[in-house]
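Written out below as structure tokens is the structure these notes cover.
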Amino acid sequence: MPDIRFVCLSDVHFGAENSILSCLVKDDLVVDTTTASPVLDRLVAALSTLIQANEDKTRKPTLILNGDILELALASDNVALAVFELFLDRIFPADGEALFDDTILYQVGNHDHHLWETARELQYANVVREFPPGTLLPIPWHTTKLYYREDTRPVHCELLERVARRRSHRRRINIRVSYPNMGIRSADGRTSIVFHHGHFVEPLYHLMTTLKDFIFPGRPLPTAVWDIEAENFAWIDFFWSTLGRSGQVGEDVGLVYDMLQSDEAIQQLAGNLAAGITNAWIKNGKLAPLRWLIRPILTRVLKLVAARIAARERTAPQAALSHDAEAGLATYLRGPLIKQLATEARHHGEKMPDQLKLVFGHTHKPFIGTRRVPELAKPVRVFNTGGWVVDTLDVEPLHGASVVLIDENLEVACVRLYNQATDAADYRVRLDDGLPAEQGPFYRRLSGLIQADDEVWKKLSAAAAELVTERTKALARIIADAGRSRPARPPTNPYAPIPTPRKPVKQRSTHMTNHPEQLEEVSRAT
């Protein structure tokens, strides 16, 4: 019987106040870094039940974390890492059997993009050491090789590994980083599964490319994923993966995002911004007598703009993917992803896969479907893992989360763990049957293991229902208190003493180059 060989989760946003996989301090709106969320405990218990049913007890499944695992945009590093460590404590318990293999595959998203930047710089630094003095260094690249099993120079996340290895029983854990695509393929090469966080299906994450096209029309747009990332990485890293480290500014940006969920708060935001602009820019000078006219006009314009942005983010579309996201997904499949597949196949003298499967998240709305790509004979099978955050005041039935399970034959099954609902009784775990082509032996085996009325699944559903309601109320409180003064975050002290470790930790040396066009160049240099 087929066993679970890969388990994929995404968009858990560890450290975010609106994640149901983070725990909040009782009667407060801050994350409790010492206590695991009840949903996290129930999730791990449910996964343990499935994994323990594997017939081959000698092989642990591999955990794939498909982006937005750490919330680095709206939470500070130490909080996000603390919740991540609570997760590790449960999947690698000190007094029990580990659920997963020691190697974790970490596919970076937009909210934890900075982890890729630090890993990428370490990767480049180690390659630089291999070039003799006076040799022209290669241009830094922005991607990893597609198929992780064939990557002889893997990239590791030193920060996450050091956090993991703080416990003696986790000293062998390796956290391999891929970006922006990571693939596995069958032994015969006919089937490939590609994991991508999903942010590149949205035009927002191509903003620098779009601006370049406006400023310098006629210049060719990038079609390769490494070129797209090269043009947009700084924007993604700045806005979506560093704000949590920006002190009070980071907290205030998060507050602005929360306020966009309330019509009343939108009015307050727009009014404050209009007043600030009017007072700062029109206080003196020729336009000063017209302040009484300019301010209400500016307020009205800003309210209309903010309302349109908030409405698009909050309620539209009432579908798994908007029209723009559908177009973005099609463009990504037919362009950057196919090009990387073809480049890798050509580099190894192999053919393109007959069947491509894409697993992504980012949208927080899980679904299963197929998409046609002219370059491939068979439709691409698409699986979205959803997300674990509550960022609207209204119940969004399409918002929820799935876990993707994969067997040794690369058959994919999705377990829908929850969707938001007004009635707690509607929170029921089920095996998603949205793609009959994937209902093979693996699906049939799982269907006998996953029964919504079993205690382990009922507890997960109840915990999810409770925390979604709790987070919705917390968001309402945050918005209601938005206009009140808040204590500033205590400043960090760069002169505070750093405890000396009991023994030095040996520095890992990670060597790697993955840009297909540079493999041969580095090989010659070494």
Side-chain angles (χ1 to χ4, degrees), residues 9-48 65 68-96 111-112 159-160 162-164 166-167 170 243-248 250-255 257-258 261 364 387-391 393 401 417-418 420 424 427 459-482 484 486-492:
L9 292 167
S10 81
D11 297 270
V12 297
H13 293 269
F14 286 142
E17 296 167 359
N18 61 348
S19 171
I20 64 174
L21 294 181
S22 299
C23 186
L24 297 185
V25 174
K26 184 178 174 63
D27 299 324
D28 206 337
L29 298 174
V30 297
V31 173
D32 184 348
T33 58
T34 64
T35 306
S37 155
V39 178
L40 180 61
D41 280 334
R42 301 306 183 192
L43 171 63
V44 173
L47 292 177
S48 177
L65 300 175
D68 285 6
I69 304 304
L70 269 62
E71 176 56 77
L72 299 182
L74 303 174
S76 60
D77 291 25
N78 62 320
V79 172
L81 290 169
V83 181
F84 178 69
E85 192 166 17
L86 291 173
F87 174 59
L88 292 177
D89 288 340
R90 279 144 185 81
I91 61 175
F92 295 102
D95 56 353
H111 280 257
D112 48 12
L159 172 62
L160 295 186
R162 293 203 176 191
V163 169
R166 296 205 308 164
R167 308 283 188 190
R170 295 200 300 251
L243 284 177
R245 294 187 296 280
S246 300
Q248 197 67 43
E251 294 182 9
D252 290 341
V253 171
L255 183 59
Y257 175 81
D258 291 334
Q261 313 310 316
H364 298 176
W388 296 85
V389 299
V390 179
D391 55 7
L393 292 172
L417 297 174
Y418 83 97
Q420 291 186 20
Y427 283 74
K459 288 182 177 180
L460 173 58
S461 297
E466 181 178 356
L467 259 69
V468 167
T469 300
E470 178 186 305
R471 294 296 184 273
T472 304
K473 292 179 179 178
L475 179 59
R477 284 179 56 194
I478 291 172
I479 295 170
D481 294 342
R484 303 176 187 175
R486 296 175 296 135
R489 176 188 291 179
T492 57

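Since the structure is predicted, the reported quantities are computational estimates derived from the model, not experimental observations.
Residues L81 and L160 form a side-chain contact, since some pair of their non-hydrogen atoms from C-beta on lies under 4.5 Å apart. In this structure, the side chains of D112 and D68 come closer than 4.5 Å at one or more pairs of heavy atoms. In this structure, L21 and V83 have side chains that are not in contact, with every pair of non-hydrogen atoms separated by 4.5 Å or more.
Heavy-atom neighbours of E85 CD from other residues, nucleotides or ligands within 6.0 Å: above the threshold of 12.
Heavy-atom minimum distance, G15 versus V31: O-CG2, 3.4 Å. Scanning both residues, R477 and D27, for their nearest heavy atoms gives NH2-O, 4.2 Å.
Checked for salt-bridge contact, D89 and R170 meet the test: a charged N lies under 4.0 Å from a carboxylate O.
With sequence neighbours excluded, the residues that form a side chain to side chain donor-acceptor pair (under 3.5 Å) with N78 are S76. In terms of the ring-ring contact (aromatic ring centres under 6.0 Å, His included) criterion, residue partners of F87 (sequence neighbours excluded) are, by chain and number, F14.
Note that the CG atom of D11 and the CD atom of E71 stand 10.0 Å from one another [nearest 0.5 Å]. Put simply, CG on D32 and CG on L24 are 8.5 Å apart, with the number rounded to the nearest 0.5 Å. In this structure, the separation between OG on S10 and CD1 on I69 is 6.5 Å, given to the nearest 0.5 Å. The structure places NE2 of H13 at 9.0 Å from CG of L74, a figure rounded to the nearest 0.5 Å. Atom-to-atom distance recorded for R471:CZ and E466:CD is 10.0 Å, nearest 0.5 angstrom. Distance check, rounded to the nearest 0.5 Å: CG of D77 to CG of L70 gives 8.0 Å.
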- Task: Show your working on side chain to side chain contact (heavy atoms under 4.5 Å, CB included) between L460 and L417 and close with a plain yes or no.
- Result: CA-CA 8 Å; L460 173 58; L417 297 174; 3.9 Å; yes
In residues 36-48, what donor-acceptor pairs under 3.5 Å come from side-chain atoms, sequence neighbours left out?
from: S37; atom 1: OG; to: I20; atom 2: O; distance (Å): 2.5
from: S37; atom 1: OG; to: V39; atom 2: N; distance (Å): 3.1
from: D41; atom 1: OD1; to: R90; atom 2: NE; distance (Å): 2.6
from: S48; atom 1: OG; to: Q52; atom 2: NE2; distance (Å): 2.9

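E470 places no side-chain N or O within 3.5 Å of a backbone atom of T472 that could act as its donor or acceptor partner. No donor-acceptor distance shorter than 3.5 angstrom exists from the side chain of T33 to the backbone of V79, with no hydrogens or angles considered. Although no hydrogens or angles enter the test, the distance criterion places no donor-acceptor pair under 3.5 Å between the side chain of S22 and the main chain of E17.
Taking the six-membered ring where the residue is Trp, Y418 and Y427 present parallel rings, their angle staying beneath 30° rather than reaching 60°.
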